Every structure is written in structure tokens, then in C-alpha cells.
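These notes concern the structure reproduced below.
Since this is a predicted model, take the numbers as computed values, not measurements.
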Number of protein chains: 2
Amino acid sequence: MHEENENICYSLEGVTDVICKKWALLIINVVGNYRKVRFNTLMEELQGVSPKTLSDTLKKLQNEGLIRRESFAEIPPRVEYTLTEDGIELRKAIIPLLEWATRRNN
Amino acid sequence: MHEENENICYSLEGVTDVICKKWALLIINVVGNYRKVRFNTLMEELQGVSPKTLSDTLKKLQNEGLIRRESFAEIPPRVEYTLTEDGIELRKAIIPLLEWATRRNN
DNA sequence: CGGTATCCTGGCTGATACTG
DNA sequence: CAGTATCAGCCAGGATACCG
């Protein structure tokens, strides 16, 4: 139960790192939507992101254990990104935030 | 209802600005905890923030309409910050995120 | 296709000192 | 008390080109 005035003393140490990454939450959400998604699909989906930034952010999210990367030795090469369990949890946690953001933009 | 694989197409335009600010969510949360809070209390609560950064972030949050600033013509001067309705909504929206963060840090 | 490599830049962020 | 002024640094983020 969460009352409006409840005192919340959570620490965000180490999480601001994830949250503050400009594209991180977007990526989490998009990957969650697709379940499996490839690099260039992400590039299209996240309009305006540069390959470097996307690559960097994906690596960071991998290190955080939020995203899984699976590459296939094919030609042409194929790489698929999926959410880990932690990533799925995070995605659930940001849904209210996304909803708030959407209400706000309209 | 939110199923795990539901497709969520929210746009975060303009919200990443708020979210990515390093201290923004912390401030929203702390102000929400206190209901009314003064500058120096925030300084203590947000360990490591500089007055400039705090001041800048507060201004930004005011411009976004998330925080209200009320100053009293007293000596010594007194200024109180409170959440606007939008701010309260945002605070509610980030609670799951804070919980997730807390679980994660332990 | 799925990235690196390289370079660049703006603004976030902080330290410190000072003021109305 | 509640900030501003000033200075400075770093690095996230972007543009572009290229590679395995």
C-alpha cells in the first residue's frame, strides 16, 4: 500500500546510472515490446539515436544484466537482444512512468 | 491491465529531459516526503549535491510545473518547496521504479 | 548486418566564494 | 537562509566514416 504522503527512503545509488542514460528506458521498453529485436530495428525505432550511442547504451545495459545479447554465426550476421528477468522487472516498473509521460505530452 | 508482453508505444519526448537530470527524481521524492521542504534541508537530504546544481534543478522542475516555490518575506528569509499536482502524480509513477531500485541494490 | 573508430561539443555537474 | 557568481572539467551524446 502506498499512501500519498508515505515516506519513501529508497536509495537510488547506482540506479541513476541506468535511469539517467538518455535512451536506456526507451530501449528497455522497445526490447520488451519486441521480445527479440535486432540492432537496426532498434535504430529505426529509436529515432535520432546514433549507432555509437545505441551501441554504448546496449553494452551498459548488458553489464547491468538487464539485456541479453545473442549473436548467430550466419551470413549476413544476426544479433538479437532480449530482456533478462531483471530487465523485464524494470520494464514493469517503468510502465507507470511511461503512462504519466504520455498523459503529460497530450 | 498490463500483460508482460503488451506493446507499449508511449513516447518519452520531453520526459527524458526530466528523468535524465541526475537529481530530479530524488528531489521529487524528497519533496514529496516532506510535503514542504526548504533549500538547506534538501541540501542535507541529497548528499553530495552542490547549491548550484540543486538550484538549477529546482528551477527546471519549476518550469516543468512539477514543483512549486513559495517564498516568505521574513528575516531570515524562508522558502518552501512543494509538489504540484503533476509532481505528485510523477512521484506516484516512480514508486515502482524506486522499489525496483531498492530490490536491486540488495 | 551490426557494429567500431574517430573526433567534437555542449551542457551538466561540481567547488568555492560571495551576497541580499 | 537561500541562494547567485564564477570558473572549470568531464563525459554523454552526436556526426560521420569505415570495417569484418
Report the distance from atom [atom1] of [X] to atom [atom2] of [N], rounded to the nearest whole Å.
| X | N | atom1 | atom2 | answer |
| --- | --- | --- | --- | --- |
| A/Gln47 | D/dG14 | CD | C1' | 16 Å |
| B/Leu54 | D/dA5 | CG | C1' | 16 Å |
| B/Lys36 | D/dC1 | NZ | C1' | 17 Å |
| A/Glu80 | C/dG3 | CD | C1' | 16 Å |
| A/Glu74 | C/dG3 | CD | P | 14 Å |
| A/Asp56 | C/dC8 | CG | P | 18 Å |
| A/Leu46 | C/dG2 | CG | C1' | 15 Å |
| B/Asn40 | D/dC1 | CG | C1' | 6 Å |

Short side-chain N/O contact to [N] OP1/OP2 from [X], under 4.0 Å:
| X | N | answer |
| --- | --- | --- |
| B/Tyr81 | D/dC1 | no |
| A/Lys22 | D/dG14 | yes |
| B/Arg78 | D/dA2 | no |
| A/Thr53 | D/dG14 | yes |
| A/Ser50 | D/dA15 | no |

Consider the side chain of [X], meaning its heavy atoms from C-beta on, and name the nucleotide among [options] that approaches it most closely.
| X | options | answer |
| --- | --- | --- |
| B/Phe39 | D/dA2, C/dT16, C/dG3 | D/dA2 |
| A/Arg69 | C/dG2, C/dG14, D/dA12 | C/dG2 |
| B/Arg38 | D/dG13, D/dG20, D/dC1 | D/dC1 |
| B/Lys21 | C/dG3, C/dC12, C/dG2 | C/dC12 |
| B/Val49 | C/dT4, C/dT13, C/dG14 | C/dG14 |
| B/Val79 | C/dG2, C/dG3, D/dG3 | D/dG3 |

Touch class at under 4.0 angstrom, heavy-atom based, for A/Lys60 against every strand present: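 No contact at all - A/Lys60 keeps every heavy atom at 4.0 Å or more from the nucleic acid.
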Sugar-phosphate, base or nothing in reach of A/Lys52, heavy atoms under 4.0 Å: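 If one applies the 4.0 Å heavy-atom cut-off, A/Lys52 turns out to touch a base.
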Would [X] and [Y] pass as an ion pair if we require N to O under 4.0 Å?
| X | Y | value |
| --- | --- | --- |
| B/Asp56 | B/Lys60 | no |
| B/Arg104 | A/Glu64 | yes |
| B/Glu80 | B/Arg78 | yes |

Sole candidate of A/Leu61, A/Thr84, A/Ile28 that passes side chain to side chain contact (heavy atoms under 4.5 Å, CB included) when paired with A/Leu90: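 Looking at A/Leu61, A/Thr84, A/Ile28, the match for A/Leu90 under the side chain to side chain contact (heavy atoms under 4.5 Å, CB included) is A/Ile28.
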A/Leu98 backbone acceptor or donor facing A/Thr102 side chain under 3.5 Å: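 Present.
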Donor-acceptor side-chain pairing of A/Tyr81 and A/Glu70 below 3.5 angstrom: no
